[in-house]
2 protein chains.
Amino acid sequence: MKSTRNTTAKTAVLEVFEKSKTALSHTEIQKQLNDVCDRVTIYRILDRLVNDDIIHKISNLDGTVKYAKCNHSHQRVHIHNHAHFSCENCHEITCLETVKPSYIMPHNYKVNEINFTLSGLCPKCLNSNI
Amino acid sequence: MKSTRNTTAKTAVLEVFEKSKTALSHTEIQKQLNDVCDRVTIYRILDRLVNDDIIHKISNLDGTVKYAKCNHSHQRVHIHNHAHFSCENCHEITCLETVKPSYIMPHNYKVNEINFTLSGLCPKCLNSNI
DNA sequence: AATCAATTGCAACATTGTTGCGTTAAATTT
DNA sequence: AAATTTAACGCAACAATGTTGCAATTGATT
């Protein structure tokens, strides 16, 4: 296992995640970084962080890709087999860390990862009379 | 509700879905159609078919978008709240029509749609000693 | 301080999806 | 069966997103 370095760009990206309560797209991260580093560098940092299990990738129903760093302060390893909620109104994606689906698989499948995304209206949008 | 027409292009796209056991991306559909119609037309047909609830859109963990027409011959309405399996080896996406996750949601969320995608190895790839 | 390789910036490219507009062709009406 | 209506199409141009190669930089180690 190779080591990944703590560069200023990587630190800046991690700070953005730390500040955000919702999942972020590459573009959203880029905007918040204003020119700390190149667009390509952000792609590479995100790849690295996913590989290192520090953040995880979420692909939304509409095909957009976002990334999130969940707070598992009490756990050693970043676990991402939980659900995500995608709001149809404000388009925010949040981790539902308490929601874990149960299901029964047919035989002969080897499941390595699951992606459970629900969409609809988040509490914030539900309460502001849509 | 406006009517959507049965054009040759739309019929051709539906035939491709009929023949395929797995979900298909825009590019895969385009290849199978060889120049029956324009690239843009395929996008528009897919949009229409999704709107008409004839096919459904699946976004994979890696961010790729695919479409599938499930066989609910016994049902009147196309239901897509079932699971999908995405093979990490052959990259095929298949509908797991029997797999329906159960879960408990926090309050104040309104769930309209769910996307449950599992990834790993499909039976075909599992048996060919990976 | 020197070394080594991971990381970066830049440029160029590839893929995927969208939009506007004039033309074509289904479906309906006459 | 011809005329009418408008959904659907093709084309061109654009926008967004993601990838790759390579020389220059910089973090970590010796």
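If you're wondering where the values come from, they're calculated on a predicted model, not measured in any experiment. Just so we're on the same page: letters track the sequence lines, and every chain starts at 1.
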Decide side-chain contact (heavy atoms from CB on, under 4.5 Å) for A:Cys95 and A:His56; before the verdict, give the C-alpha distance in whole Å, the side-chain angles of both, and the deciding distance to 0.1 Å.
CA-CA 11 Å; A:Cys95 294; A:His56 63 269; 4.1 Å; yes
Could you check if a side-chain atom of A:Lys10 sits within less than 4.5 angstrom of a side-chain atom of A:Leu49, using non-hydrogen atoms only?
yes
Mind checking B:Arg44 for me? I need base, sugar-phosphate or nothing, with any heavy atom below 4.0 Å counting as a touch.
base
Give me the residues of residues 27-39 of chain A where at least one heavy atom lies under 4.0 Å from an atom of DNA chain C, by number, or none.
A:Val36, A:Cys37, A:Asp38
Does any N or O donor sit under 3.5 Å from an N or O acceptor when you compare the side chain of B:Arg5 with the base of D:dT6?
yes
Whole angstrom value for the distance that separates C1' of D:dA7 from CG of B:Asp52
12 Å
Nucleotide C:dA6, atom C1' - distance to CZ of A:Arg48 in whole Å
8 Å
Within this structure, what is the CD1-to-C1' distance between B:Ile45 and C:dG17, rounded to whole angstrom?
15 Å
Whole angstroms only, please: what is the CD1-P distance between A:Ile42 and D:dT17?
12 Å
Between C1' on D:dT17 and NZ on A:Lys66, what's the gap in Å once rounded to a whole number?
14 Å
Between atom NE2 in A:His26 and atom C1' in D:dA16, what is the gap in whole Å?
11 Å
Ionic contact status for B:Glu92 with B:Lys21, cut-off 4.0 Å
no
Looking only at C:dG17, C:dT8, D:dA12, the nucleotide nearest the B:Val40 side chain is D:dA12
Could you pull out all residues at least two apart from B:Phe17 that satisfy ring pair (Phe, Tyr, Trp, His ring centres under 6.0 Å)?
none
To the nearest 10°, give me the bend of the helix from C:dA1-D:dT30 to C:dT30-D:dA1, comparing the axes of its five terminal pairs at either end.
40°
OP1 or OP2 of C:dT8 sitting under 4.0 Å from any side-chain N/O of A:Thr7?
yes
Using whole Å, what does the distance between atom C1' of nucleotide D:dC9 and atom OH of B:Tyr43 come to?
17 Å
